[in-house]
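The residues of the chain are indexed from 1 along the displayed sequence.
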Amino acid sequence: MRNEQLTEKFRQLVENKYQIYNSLFMSLPYDKMTNIGMLLPFLYEESKIGYEQGKTPEEIIETFFRNHTNLQTEKQKADLLFTIIQYIERQVVLFDSVEDAAFTQLHSDKDLGTILHLYEKSVQSQKLEEVRKKMEDFAVRVVFTAHPTQFYPSSVQRILHDLRSAILQDSTNEIDMLLQQLGKTPFVNKDRPTPLDEATSIIYYLRYVYYDAIGELYSNLKTYFGTINPNIVQLGFWPGGDRDGNPFVTAEITLQVAEELRINILKCYYEHLKKLRRRLSFRGIAEILTELSLSIYTAVHEKKIISVEHILERLSKAETILKEEHNSVFLNLLLEFSDRVKIFGTHFASLDIRQDSRIHQQVIDEITEKYAGEKAQKMTFEEKFNWLLSNNIKLSIHDFEGITKETLLSIIGIKEIQQRNGEKGLHRYIISNSEHIKDVLNVYALFKICGYQPDEINVDIIPLFETIDGLDLSEKVMEKLYQHPVYQEHLVHRSKSQTIMLGFSDGTKDGGYLKANWEIYETKERLTAISKKFDIKPIFFDGRGGPPARGGGKTHDFYASQGSSIANHKIEITIQGQTITSVFGNKDQARYNFEQLLTAGIDNEVFKNDKKDINQQERLYMKALADLSFKRYSQLKSDSMFVPYLQKMSTLQYYGRTNIGSRPSKRGSDGEMKFEDLRAIPFVGSWAQLKQNIPGFFGLGYALSELKKQGKFESIKKLYKSSDFFKTLILNSMMSMNKSYFPLTYYMKNHPKFGDFWNQLHEEFLLSKQLTLELTEQKILQEQEPLSRRSVEIREKIVLPLLSIQQYALMKIENGEGSTELYEKMVIRSLFGNINASRNSA
């Protein structure tokens with residue numbers, strides 16, 4: 001009944017409102033093509049019926065031109081298609097705004113995963129004290145990254161914010177004006193954004209969404225659970241610090257971004273103080289707050305340092321006076337402001353540096369050869385490390401150029417950032433492609449070379465294990481690190497805590513969906529055990545939003561399903577691209593989703609049940625499924641058509657030409673594309689644009705079918721019912737399949753070069769869909785998630801004409817028909833709406 005009520009509510013609040021506002025939007029005359037509102041439904045119908053009849057996108061578009069327009073020339077037709085693309089982009093934005101505006105009416109503060117639900121569950125179970133105790137040893141960190149799908153210019157972001165507010169108030173006149181503004185405002189960056197542009201784009205959300213969202217969340221926590229550690233919710237930040245494969249991030253950019261973060265949190269405090277001073281106008285307090293306001297203003301405009309300690313000391317003095325002389329009037333307002341300062345400090349979000357291990361090795365080799373001479377070439381790694389630590393090298397930055405100089409400047413610059421923003425301003429250094437102990441120790445050596453004494457390295461050195469091989473090697477790497485005397489000393493300095501990052505995107509690209517998930521799960525178990533052996537507190541950091549992000553699944557369910565064999569001190573995930581806008585894009589959504597993460601970690605530990613731990617028999621089934629899936633995915637990956645198919649038949653090669661991210665879309669130099677050169681994000685995004693979503697399911701159907709042949713399917717059904725972890729994986733994969741639409745590319749099944757390859761993909765999709773439905777006893781994909789399913793259906797309907805246009809352009813390019821430049825531009829222009837409509841497509 002609950003699902004039926006929610007579905008009806010969604011129809012009233014989202015579907016009906018969207019139809020009303022879309023009718024208004026489609027009737028607005030933006031240009032000479034005033035009849036787009038009439039033509040677009042025809043293109044949708046031609047597409048829907050055409051694909052059902054097995055027509056090609058080219059046939060569908062040409063039929064549309066023939067039946068509904070009088071256009072004759074290639075340019076006339078292209079102009080119409082470009083206009084339609086722009087309309088569909090704005091339809092997606094309109095639907096986003098309507099759906100987001102309905103968020104609070106579709107989600108209750110008593111929903112599973114909310115703070116209130118956790119509190120009521122704690123009271124009923126008589127576990128309130130256990131929950132409070134766990135909160136002292138738990139935190140959530142969401143790390144915001146930019147590349148490559150957060151492409152809206154700031155002008156569009158502001159329209160989105162205002163449009164949502166207008167829809168909430170049902171202000172038709174304002175909605176009308178905002179839709180007109182939306183129609184006239186460019187959606188596409190004229191120039192490729194710089195890392196600083198990307199940073200300021202996300203800082204907009206920090207300032208106007210997360211400052212209040214996290215502040216209010218913390219206030220709620222205090223209301224229900226009493227005094228809580230203010231660091232329980234943390235923000236991380238990669239734009240401007242993530243150097244991995246991005247030549248445009250420099251040491252200077254890192255300093256600039258750190259300063260932007262510092263300035264923007266101080267601006268938040270200044271505005272907050274204005275409101276506070278309107279209430280706390282009492283003698284003795286008004287003077288303190290006025291002085292503090294002036295100090296913050298000076299720190300912003302004259303770039304002077306102001307410390308957290310100074311701000312809190314002034315607030316503490318004001319609090320004492322308020323209690324002793326003014327009956328604690330408005331004390332709650334003063335404490336709320338003080339809490340914000342404790343949460344955000346003078347850093348707002350902690351900037352991380354990330355660089356590839358191979359770059360560090362290159363830098364170490366160059367420095368050793370420079371200062372040790374010819375003998376450097378014969379040194380082992382350990383000999384180099386000891387030589388670098390034992391010799392007081394008089395480092396001169398001017399002795400080096402290029403990446404070596406930049407790497408050294410970055411490390412030297414950390415000290416300055418910590419002085420201005422506080423230690424939390426930048427206290428983590430992440431190493432991509434970590435597979436050896438030297439990958440971590442090289443970074444430690446670089447700090448020593450740059451003049452840091454051991455007790456001055458106030459930075460967590462974080463290995464990132466991102467490939468299947470890297471995950472397999474991680475236990476041995478960490479065991480050796482924990483035993484290394486120099487690194488042991490560093491860990492003592494860092495409170496015997498070690499953060500370990502596990503990259504899901506590259507793991508999935510490398511090993512497929514099931515294998516990557518199970519490999520990460522087992523890796524976390526092994527790393528938990530080895531860390532416990534050496535009395536180290538491990539913290540796991542999941543790249544790309546963690547495994548649930550690939551299917552767009554429920555993050556709470558995923559993290560609440562982690563067993564007791566995995567350390568649970570913190571949940572850390574990266575969030576990027578359109579996911580920032582769609583999941584954390586406004587205050588209500590952000591607070592709700594932060595709560596989901598927070599309560600998942602608490603729930604996982606305090607409210608244990610049999611479904612969270614995987615027993616030995618279930619473990620054997622999981623391993624069998626993962627290995628079979630990996631076998632099938634590896635066969636696909638080794639197919640000679642794999643990379644050529646993505647290059648020729650998908651949008652892969654166009655990602656780097658979209659001006660939506662500062663980072664190159666592939667690693668390595670120009671030349672023939674290799675599988676290992678593919679970046680995970682364009683890789684996954686290209687499959688999503690094809691509506692094939694291979695990374696979300698491929699190999700799952702094969703694995704299930706093989707076990708079914710062995711008569712073990714009933715056992716897998718029991719596994720689905722008994723293991724929260726396995727159930728979450730299956731449901732997330734089913735969402736990924738629900739966002740697939742193979743009829744769009746039916747024309748490829750007879751392709752002379754790629755036909756056999758396409759048929760492999762399609763057969764595995766059909767098999768995976770059939771067997772997951774049988775496994776879960778559902779009749780349709782996402783049957784148990786009606787709101788999500790309906791949202792996906794509407795979005796897919798909106799973008800179907802856009803997909804037709806994109807495939808039409810790709811076919812024209814492949815066949816060498818017409819202007820290649822024109823159709824390439826059309827492909828690039830069609831990426832944006834598809835990316836945003838999918839919300840978790842990349």
Side-chain angles (χ1 to χ4, degrees), residues 6 9-26 28 87-109 111 144 149-187 201-217 268 575 577-596 787-788 790-792 794-795 798-799 832-833 835-840:
L6 277 174
K9 211 170 184 181
F10 186 88
R11 188 184 69 78
Q12 294 172 1
L13 295 173
V14 180
E15 293 182 48
N16 289 352
K17 277 192 176 184
Y18 169 71
Q19 292 300 336
I20 292 167
Y21 296 138
N22 187 47
S23 298
L24 175 67
F25 169 66
M26 296 300 281
L28 293 172
Y87 268 74
I88 293 172
E89 282 176 348
R90 286 155 177 81
Q91 281 185 304
V92 171
V93 168
L94 177 60
F95 183 76
D96 283 350
S97 300
V98 173
E99 188 174 32
D100 291 348
F103 186 85
T104 54
Q105 292 170 278
L106 293 171
H107 295 83
S108 164
D109 59 1
D111 283 355
F144 297 100
T149 55
Q150 181 52 45
F151 53 83
Y152 287 146
S154 57
S155 55
V156 175
Q157 289 178 357
R158 285 167 173 77
I159 296 171
L160 294 178
H161 183 272
D162 295 341
L163 184 58
R164 176 182 174 275
S165 299
I167 292 170
L168 272 171
Q169 298 164 16
D170 282 324
S171 176
T172 307
N173 288 338
E174 189 174 355
I175 291 166
D176 179 74
M177 294 305 295
L178 287 168
L179 289 174
Q180 290 190 52
Q181 183 185 2
L182 196 66
K184 291 289 187 180
T185 304
F187 267 45
S201 173
I202 296 177
I203 288 172
Y204 170 88
Y205 289 99
L206 296 183
R207 186 170 173 187
Y208 296 104
V209 177
Y210 308 134
Y211 180 76
D212 285 331
I214 293 174
E216 291 173 13
L217 185 158
C268 286
I575 297 290
Q578 81 282 18
T579 311
I580 295 173
T581 309
S582 61
V583 180
F584 294 88
N586 63 65
K587 191 170 72 173
D588 295 324
Q589 285 176 308
R591 190 172 64 226
Y592 184 88
N593 285 297
F594 278 121
E595 286 186 24
Q596 293 288 311
L787 295 191
S788 180
R790 189 63 188 135
S791 177
V792 170
I794 297 171
R795 290 172 181 280
I798 292 170
V799 298
F832 304 99
I835 288 171
N836 200 50
S838 294
R839 287 208 154 187
N840 65 328

Hey, what do you get for CZ (Arg790) to CD (Glu99), rounding to the nearest 0.5 Å?
11.0 Å

Determine whether a donor-acceptor pair (N or O, by modelled atom type, separation under 3.5 Å) exists between the side chain of Ser171 and the backbone of Ile167.
no

Residues forming a side-chain contact (heavy atoms from CB on, under 4.5 Å) with Asn22, sequence neighbours excluded:
Tyr18, Phe25, Met26, Gln91, Leu94

Please confirm whether the ring centroid of Phe584 lies under 6.0 Å from the ring centroid of Phe594.
yes

Closest non-hydrogen atom pair between Val799 and Gly833, with its separation
CG1-O, 4.1 Å

Atom CZ of Phe144 and atom OH of Tyr210: how far apart are they, to the nearest 0.5 Å?
4.0 Å

Between Asp96 and Arg164, is the closest basic N to carboxylate O distance under 4.0 Å?
no

Between Asn593 and Gln589, do the side chains contain an N or O donor and an N or O acceptor separated by less than 3.5 Å?
no

Which value, rounded to the nearest 0.5 Å, describes the distance between Cys268 atom SG and Asp212 atom CG?
8.0 Å

Quick one: list whatever passes salt bridge (charged side-chain N to carboxylate O under 4.0 Å, His left out) with Arg11, sequence neighbours left out.
Glu8

Going through the distances and angles, do Leu206 and Ile203 end up as a side-chain contact (heavy atoms from CB on, under 4.5 Å)?
CA-CA 5 Å; Leu206 296 183; Ile203 288 172; 4.1 Å; yes

CA sep, side-chain torsions, deciding dist, call: Asn16, Tyr21, side-chain contact (heavy atoms from CB on, under 4.5 Å)
CA-CA 9 Å; Asn16 289 352; Tyr21 296 138; over 6 Å; no

Quick one: do Arg591 and Asp109 make a salt bridge, cutoff under 4.0 Å?
no

Taking Lys9 first and then Glu15, would you say they form a salt bridge - that is, a charged N and a carboxylate O separated by under 4.0 Å?
no

Closest heavy-atom pair and its distance - Ala101, Leu168
O-CD2, 3.1 Å

Of all residues at least two apart in sequence or in a different chain, which pass the ring-ring contact (aromatic ring centres under 6.0 Å, His included) check with Phe103?
His107, Tyr592

Just by distance, do the side chain of Arg90 and the backbone of Leu182 share a donor-acceptor pair under 3.5 Å?
yes

Kindly indicate whether the side chain of Tyr208, heavy atoms from C-beta on, has any atom under 4.5 Å from the side chain of Lys587.
no

Considering residues at least two apart in sequence or located in another chain, which fulfil the side-chain contact (heavy atoms from CB on, under 4.5 Å) criterion with Thr185?
Ser155, Val156, Ile159, Gln181

Would you confirm whether Asp100, through its side chain, and Ser97, through its main-chain N or O, come within 3.5 Å as a donor-acceptor pair?
no

Residues which pass ring-ring contact (aromatic ring centres under 6.0 Å, His included) with Tyr211, listed by chain and number, not counting sequence neighbours:
His272, Phe344

As an exercise, state the distance from CG of Leu106 to CG of Asp588, rounded to the nearest 0.5 Å.
11.5 Å

Decide yes or no on side-chain contact (heavy atoms from CB on, under 4.5 Å) for Val92 and Phe832, but give the supporting numbers first.
CA-CA 10 Å; Val92 171; Phe832 304 99; over 6 Å; no

Reported CG-to-CG distance for the pair Leu787 and Leu6, which is rounded to 0.5 angstrom:
5.0 Å

With sequence neighbours excluded, what pairs up with Gln19 under the side-chain contact (heavy atoms from CB on, under 4.5 Å) test?
none

